[in-house]
Protein chains: 2
Amino acid sequence: MGFMEGLAQVAGLLADRTRAAFCGALLDGRAWTARELAVHAGVAASTASEHLTRLVEGGLLVEHRQGRHRYVALAGPHVAELLESMAAFAGPDARPRSLRASSASEAMARGRTCYDHLAGQLGITLKSGLVGLGVVTAELAVTEPGMVWLKELGFEPSQRQVSRACLDWTERVPHLAGAAGAHLCRVFFERGWVRRIGSGRAVVLAPAGEQAWRELGIV
Amino acid sequence: MGFMEGLAQVAGLLADRTRAAFCGALLDGRAWTARELAVHAGVAASTASEHLTRLVEGGLLVEHRQGRHRYVALAGPHVAELLESMAAFAGPDARPRSLRASSASEAMARGRTCYDHLAGQLGITLKSGLVGLGVVTAELAVTEPGMVWLKELGFEPSQRQVSRACLDWTERVPHLAGAAGAHLCRVFFERGWVRRIGSGRAVVLAPAGEQAWRELGIV
DNA sequence: GGGACGCTTCGGTGCGGGCCGAAGCGTCCC
DNA sequence: GGGACGCTTCGGCCCGCACCGAAGCGTCCC
């Protein structure tokens, strides 16, 4: 009965409270950084690092290194399904939580902040609009006229890299990060064009924002 | 995220090689004794006893005490489904093994030995026939004419209890055990009326047995 | 370049638990 | 009753591992 050893192995990955808490947090479909998960589970960063390595090697999680960050996410829907079935077995209270999590996940996919810039479908919309306006190239490099456009919105070049590509985890395409992306995000918040919803990182484009983006030619 | 603790708990039950081997053996749907499982997994009887207690308390197994034996079986189809999904995740070789197990289980359900007597559908058929012949009552007590009938088949009363009811795990009804049941089973084997199939406890009624049972009025 | 930050590696600690053998108890056979 | 058998409890051993803090490395900001 050798095939039960594999079962014991994957069960062992989920048998730890901390690792289970990681997976539960990741059930929303987003990618979390190692530190976020460590804080969430209440363990030291070093402990979380080791747990994540085991979960990734076990095939439950996939990771994505970006700068000094380590993003992790569930390896796919099959992992989410496995967790769902086990949680369903463990307790009858899994259903309402799952509903809340999925609705929160949808809001997050529509729009969220990624550290200091916009991500999600909203971030992709912004990027597409900027590319269409010629502010940035398809590779997210700021053009000459793009810099003028940015300065009209109060952007001041600093020593920080003007633009960077940030891989969007839910959309699987890069969006605008760097100084320009951070500045735009800050301006959008200051002017009330975007606002946070819920308790997390989810954001939504306000009616005033929709009109302003149309006037700017973003949408 | 309190509901993930329950998940970690049930995962912990399956995270051990020995306990996983127990569950894998029980996936055939039969009830196993503690000793059988201990031998199967290669651990001491004391170790198996503790594991079984944990699995029963965790709700994965149900137990049934019968005399000095402790029968355990999966708590239900939902447990089997959980194990199937976890095994499917763990490895791609789960499917053929599952098939083998289920076919072996079918053979076992059709007929098997229960220590020294017949069980499964074959055991139920025998019991029904004996009741119809008036050899035993519906409560499996041997009647006066039944004792004569048994002696014609070579049965000799001993100090051992003549008849006992043994709960059939696959059929959920009692069948004939005790000295009479053991004697009949031995006679059937000696005369080639039943024979073993496969490597386990599965047995089948041979053609000669079918004819003999008809002549005796059992079927 | 300097400083902040996120992550990883490495010792070291402590607890949990899997395992066994021995002893004891209840059941069954003769 | 005597003996065999199955199971359980108990004590003890030991391995695994979850955890932390300190140190080091790479990245990012200014």
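Heavy atoms only: backbone and side chains are in, while hydrogens, waters and symmetry mates are out. Chain identifiers are assigned alphabetically (A, B, ...) following the order of the sequence lines, protein sequences preceding nucleic acid strands; residue numbering begins at 1 within each chain.
The side-chain hydrogen bond (donor to acceptor under 3.5 Å, both in side chains) search around A:S128 returns none, not counting sequence neighbours. Among residues two or more places apart in sequence or in another chain, the side-chain contact (heavy atoms from CB on, under 4.5 Å) test is passed with B:A45 by B:R35. Not counting sequence neighbours, the partners of A:V131 by the side-chain contact (heavy atoms from CB on, under 4.5 Å) test are A:K127, A:V136.
For residues 140-150 of chain A, the set of pairs meeting the side-chain hydrogen bond (donor to acceptor under 3.5 Å, both in side chains) definition, not counting sequence neighbours, is empty. Screening residues 42-59 of chain A for salt bridge (charged side-chain N to carboxylate O under 4.0 Å, His left out) gives no qualifying pairs among residues at least two apart or on separate chains.
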For residues 6-19 of chain A, dump all side-chain donor-acceptor pairs below 3.5 Å to protein atoms at least two apart in sequence or in another chain.
unit_1: A:D16; atom_1: OD2; unit_2: A:T18; atom_2: N; d: 3.0
unit_1: A:D16; atom_1: OD2; unit_2: A:R19; atom_2: N; d: 3.0
unit_1: A:R17; atom_1: NH2; unit_2: B:E5; atom_2: OE2; d: 3.2
unit_1: A:R19; atom_1: NE; unit_2: A:L13; atom_2: O; d: 2.7
unit_1: A:R19; atom_1: NH1; unit_2: A:H51; atom_2: ND1; d: 3.1
unit_1: A:R19; atom_1: NH2; unit_2: A:G12; atom_2: O; d: 3.0

Can I get a per-line list of side-chain donor-acceptor pairs under 3.5 Å for residues 176-190 of chain B, giving both atom names and the distance, sequence neighbours left out?
unit_1: B:H183; atom_1: NE2; unit_2: B:L153; atom_2: O; d: 2.9
unit_1: B:H183; atom_1: NE2; unit_2: B:F155; atom_2: N; d: 3.1

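In this structure, B:R70 does not reach the D:dG6 phosphate: none of its side-chain N or O atoms is under 4.0 Å from OP1 or OP2. Residue B:R35 places at least one side-chain N or O closer than 4.0 Å to OP1 or OP2 of D:dG6. Within the structure, a side-chain polar atom (N or O) of A:R65 is placed less than 4.0 Å from OP1 or OP2 of C:dT8.
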Using a 4.0 Å heavy-atom cut-off, write out nucleotides 14-24 of chain C from 5' to 3' as B (base contacted by protein), S (sugar-phosphate only) or - (no contact). ---SSSBBB--
Annotated structure of DNA chain C as dot-bracket, pair cut-off 3.5 Å, Watson-Crick or G-U only, | for inter-strand, is ||||||||||||||||||||||||||||||
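In this model, a donor atom of one side chain and an acceptor atom of the other lie less than 3.5 Å apart for A:R70 and A:T53.
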